[in-house]
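Side chains are part of it too, since the values below use all heavy atoms of this structure and drop only hydrogens, waters and symmetry mates. Every chain is numbered from 1, with letters handed out A, B, ... down the list of sequences.
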Amino acid sequence: MGDEATQVSASSAVAVHALCFAGIVAAHQLSGRGMLVSNPAYALRLLVVFEAPLVIAVFSLLRRNPKRCSFLKAAARGLLGLPIGAFLNAFGAIVLGAPIGIKYWAATTYWSLLMSLFTFVPAACVFGASKVNWQAVLSHSIYCGSTDSVDYMISAPAHGAVIGAWLGAWPMPLDWERPWQEWPISVTYGSVAGHLIGMAISLALVVTHKRRGRAKAD
Amino acid sequence: MAGGGGASPSCAAVAGWTVTAVLLQVVGLSMFLYGFFPVKPTLPGFSGAESYRMPSCGLAGGGEQPALPPDQLRSLYRELSEVPPVYDRLVLMVIDGLPAEFVLGRVGKPPSKEMVESMPYTQSLLAGCKATGYHAKAAPPTVTMPRLKAMVSGAIGGFLDVAFNFNTQAFLDDNLLDQLHMIGYKLVMLGDETWIKLFPKLFWRQDGVSSFYVKDTVEVDFNVSRHLESEFAAKDWNMLILHYLGLDHVGHIGGRQSVLMPQKLKEMDDVIRRVHNAVSGLEDNLDRTLLVVVSDHGMTEGGNHGGSSYEETDSLALFIGHSVQSSYCSPYDQNEALQVDLAPTLSLLFGTPIPKNNIGVVLPEVFNSLTDQQKLRTLELNSLQFLRLLQAQLPAFCFEDCINSKYGLGIDKIPQSVEKKLCHLLSKAFDSHHPSHLHQTSNVKSIEAGCNRTAVNAYYEFLRYASEWLSHRATNKPFYLLVSAISLMIVSCLSLMGIVSCLLKGKSLSQFEHHSEWNSDYHWHLDEVFIIMGIFLYVSSLGSSSFVEEEQYTWHYLTSTLYLIFLIKTTQSMLRESNSAVARAEGKIFHGNDCSYFTSCKLIPSMRDGYKLCTIIIILVSGRILRAWHQGGVNWVHFPDISKSLAQADSFVVKALQIISVLAVVVLYSVSLLLLRPRKLNILLVWLSHFFCGILVVLHIWQSQINTSLPTKHSTTSIAQIFYVIASISLTFTFVASPWIFPIHSMEAEPTSSGSSPKTAIHLQGINHSMFLIGITYAAFWCLLQLLLQQPINAIPLLLIFLQIISSIMHFSLDKSLHKKWVQIVAMQLLGLSGHFGLGNTNNLASIDVAGAFIGISSYSTVLSGILMFMITYGSPLLLYLGMVFYISVINSDDISTPHQSKWSCILDKMITLPCLLPLLINSIALTSYTIVLLLMRNHLFVWSVFSPKYLYVCAATVCTCAGVFIIAVTAVYTCTVFSFRMRNYKDKSYN
C-alpha cells in the first residue's frame, strides 16, 4: 500500500498495553472494590475518564502516515470516533436486549463510551477514514495475513472486548439473584476481561510477528 | 451435477431417508412420553354414602344419592360408619419445609441438642406421651402445591393429570376440605396463598401471604400469627389452617445449618404452645380439638427441595389431641408413614368419607380413644375405599370372585399375580375381622384380643401392599424404556445430520465449480461458525431451569446476534467493493447475472447497499420492539412492558393498532402482487378476496368491541365463519391454479429459442412466479387469520414478525452470494422462534391463550378448539414456514445461470431439500437434547414446574415443524409436477 507502515517493537507494544491496563487499574482503585456493583454509572464514568486520555494519546502516537497527519489531528479523529463508536455500541446493546428505561440511561451511556474506547477509538486514531484499514480490522482474516503489528494491537483487544461482553450477558437470566447480574455490570466484567485477554493475544501475535520478520531477514 | 462428481444423493433417496428418520423420531418420542408421563385413571366426583358399603362388580354407577343438607349428611355418615367422630375441631398447622428429623431425630437417634432446645414445648409433649409423631414420607416432586393436594386427597397425581388441568389451579378431585365443607364445617385459612388457589371459594375467612419473596423470613409468618388471638376467641369455625412459610425461606437462604434456623424453630414452638393452650382451655365435651402439625416437604443440606432424596421427602406429621394419649410411648423410634396417610386418618377422625383417590393408610396410634371394634371398622372402611380404587385400576379385579374362590387358595400357596395377592390379603383380613363377632358371645377376653390383633395385622398387610402398588403406578419410571426411546431419537437425529452434511458437501462442490471465480473462499465464515456455536449454547442452556424459564432471552439473543453479524458482513462487503475498482467491475458482471425480478436489475450499487443495510436494521429494530412487547418468563414478568401499558390505555388505542395492522398487511400483500404484473384476472380475484377478508377482520374487531358487554357474540361468530370459508376457498384456488396461469415462455425469449437452455431458464422463471404467488398468499392470509384469532394486544407484534420475514427475504435476495443458503434458512427459522416468544408465549402452560380457541366456533368441539389453540400458540413459526415458500421462489432464480439444469428432479432437489431438511434437523436436535435433559432431570427440583411443561412445548414444536415442512414440500412438488406436465404438452405442440 501507499501507506508507510510504522514498525512497532515488542517492548513498545508492551508499553502501550501496560498504559491502557494502568488506566483500568487506576479507575478501579479510585472507585473502590465493589463500586461497579453498587453504583455502576459512577464506576463506569471513572473508567471512561481514566481510559479516554490514555487510549487517545497512545494510539495517536501510532497513527498512520505521521508526516502527513499530526498528533493533534489523530487525537481529534479519536475524539470524533468516541461518540460515533458509543452510538454504534449502544445500538448493538439495545438490539440485543439492553433495557431502555430512564433508570439505565446513564449506565448504558457510560458503558457504550467505554466500549467505544476499547473498539472504535484506537482504530479511529490510527486509521482515520481509511476504508481499506477499516475493512481489515472488521475482518477476522487479519490474524492470518497482516504484516503490521499495529493491526494486532487494535483488532485483538477490540474483538476480545466484544466477545467478552457478549459472553458476559449469559448469566443475566439465571435466578441466582446476585447483585452483579444486572445490566450493565456482568457485561462490563465480560468486556474488560475480554479486552485484557485480547491484549495478551495481541502481544503474543506481535512477538510471533517479530520472529517471522527476523526469519525473513535471514 | 451429472459430470460434476458431486456426492449428493438423489431426490427420492433424500426423501426416503428423511421420512424414515422422522418416523424413527416419532416412535422414540411416543415411547418416551408413555414411559415418562404415566396417566393413571382417577375416579371422578366425591365419595358419599356409598363408600361405607361393599362395592359391587359391574355396577359402576352405584346410584346417585340426592343432595342432603349438611346436618342430615353428617348424621347419615355417622350412622353408616359405625364410628363416632373423635373430634369437633381441627387446627392444621403446616410448617413449610420442616424436616421431621428436626423434631423426631433419625433412625432412633434424637435430634441434635440445638434442635431439642429450640422446640422445648413440642419435645415435652412428645416425652409426655401427649403427642405422636411420624416421618410422613412425601412423594416427589417435593414442592408445595402437589404436596398439599396429597395431604388432603391422599392421591399422588401424575404430571399429565396436572398438565391437562392447566387452565385452572383449583383442585377439583375429591378431598378432605370439600368433604368437611359439605357436612357444614366452616374453614378458615391463614398463610400460604396456595391454599386459596387450590380452593378458591371454600374458606369462611382467609388471609393469604405470597411465597414469592423468598428473602422474607419474618413478615411472612407474622401475618399468620397476628390472627391467632382473634381466631381462638371466635366460635364460628371448625377447621383452621395455618401455613407458615418462614422456615422454608430460612432454609432457601442459609440451608439447614442457617443461624436463623434455631430462632425460627423457637418461633414455631411458641405457636404450637399458644395453639395447644388455647384449645386445651376450650376443652370440654362439646368442643374437642385436634392439633396436627405437618410439613409439606423437607429440605436438603443446602435448604432446597423438589427432588426425591431422603432429606427432601422427610416430612413431619405430628398429632396432638386426646385420642393420641397413651400410657407408653417412645417418641424417637423411627415411626414411618406416608404423607398421603394424613387424608384417611383425618377423614375417619372427623366422620367424613375417605376421598375417592386416596392411597393412604390410617395411622393406628391416633385412634387410641376408640374401642377395638371401632378401630377395626376404620381399617375396614379404608379397605373398602381401596377396593373401589383397585377396581378402577384393575378391571379384572372383583372381590366377590375372591370370596367365591377363596377356598381354592391355600394359605401357604404363593400368589402369582397382583389380583390373586390382593384377593388373598383382603379375604384373610375380612375372615379375621368378622368371625370375631361370634367369639364375643363367649366373653373370653384373651381370645378376643388375639383375634383383634390378627385382624389388625391382616388389614394393614393388605392396605400397605395395595398402597405401595397404587403409588408405584403413579411415580415409577421404566428406565430401560426411556433409554431405548432416547436411543431411537438419537439415531433419527444423527440420520438427519448425515443427510444434511451429504447435501451440503455436494452443494459446496457444485458451488465451488460454478462460482470459483468469485467465491474462492471456502473457509468457514463468521455466521456459519456462530450458528454451530449457537446451537451448542442453546443445547447447554436447556440444562438450567432459569434458562428454560427465560428462553425468550436465549432466542432473542441468538437471533439478534446473527443479524448483527449479517450487518457486519454487509458492511465488510460494502467496504470491499468500494476499495477495489477491479472488484467493482467484476461485481457488476456478477450482479448482472444475480438479479431477480423481486429486486430490480436497475438498482445502482449504492442503492443496493442502502437497501441491504435498511433491511437488516428493520429486522433488528423490529426484533427489539417484539422483545419489549411482552415481558415473559418468570423472574422479570412483573416488569413494565408495552403490552401492559397498552392494556391500561384506552381500548380505542388497541383497536386503532389492530386496524393499522390489518391495513398494513393488506398493503404489503398488494405491493407484492404488483411485482407479478397483475394483469391476470386470477391474481386480481385473489387480491380482492384478501382485501375482503381484511375488511372482515376489521368488522370483527369493531364488533368484538361493541359486544364486550353482551354474553352472546353471534355476529362476531358469523364474521369469523365467513372469513374461514373465504380464506379456505382463496387459498385452495391459489394453490391449485397458480401453476397453470403463468406462461411457460415469454415473448421476449421467443427469438432466441435456438437451444434448450433458454427454454429451461424460461420455465424456471414460471415456477418461481407461481411459488411466489402461492407463498405470499399463504403468508398474507395467515397474517389475517392470526390478527383475527390473537389477542388484540398482539396485532402489532404480528405485523412486526411479517415485516421481519419480508425484510429478511429481501436482504437475502439482494446479494445471494453474501451468505450460504443454509445460513439463510437457519436465520429465518430463528426469526420464527424468537417471534414465538414475542407474541407473549412462554414455557409455562398458563400463557396459552384459551379464549381465542373459541373464535368462530358456534358449538363446543375439543378438536376444533385444540386446532385453533395450536394455531394461536404457534402462529409465528407457522408464518415462517409459509413464508419459506415465498423465500424459495425468490432465492432460486439463480438457477437461470446454469443452463444445463434440465432434469426436473434436480430442480425440485434444489428447491426444497434444504428448506425442508434444516428445520427438521434443528427441531430434532432440540427435541433429542431436551429429552436427554428431561431424563437426567427427572429428580430435579423443578422437574414438574419447569422442565415438564417445556417438554410439552417441544413436542408441539415438533408437530409444528412437520406440518410446515409438509406444506413446503407439497407446494413445491405440485408446482413442479404441473409445470413438467405443461412443458411436455408444449413440446408436443411445438413438434407438430
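- Using a 4.5 Å cut-off between heavy atoms, B/Leu558 contacts chain A through its side chain alone, with no backbone atom that close.
- In terms of heavy-atom pairs under 4.5 angstrom with chain A, the leader among B/Gly623, B/Ser546, B/Ser541, B/Ser560 is B/Ser546.
- Using a 4.5 Å cut-off between heavy atoms, B/Leu620 contacts chain A through both its backbone and its side chain.
- Interface with chain B: from residues 82-97 of chain A, residues A/Phe91, A/Gly92, A/Ile94, A/Val95, A/Leu96, A/Gly97 qualify, criterion being any non-hydrogen pair under 4.5 Å.
- Residues B/Ser544 and A/Leu174 have side chains in contact (heavy-atom distance under 4.5 Å, counting atoms from C-beta outward).
- Counting non-hydrogen atoms of other residues, nucleotides and ligands closer than 6.0 Å to CZ of B/Phe536 gives a total of 12 or fewer.
- Taking the six-membered ring where tryptophan is involved, the planes of A/Trp170 and B/Tyr557 are perpendicular, since the angle between them exceeds 60° and thus also 30°.
- Within the 4.5 angstrom heavy-atom criterion, no atom of B/Thr559 approaches chain A.
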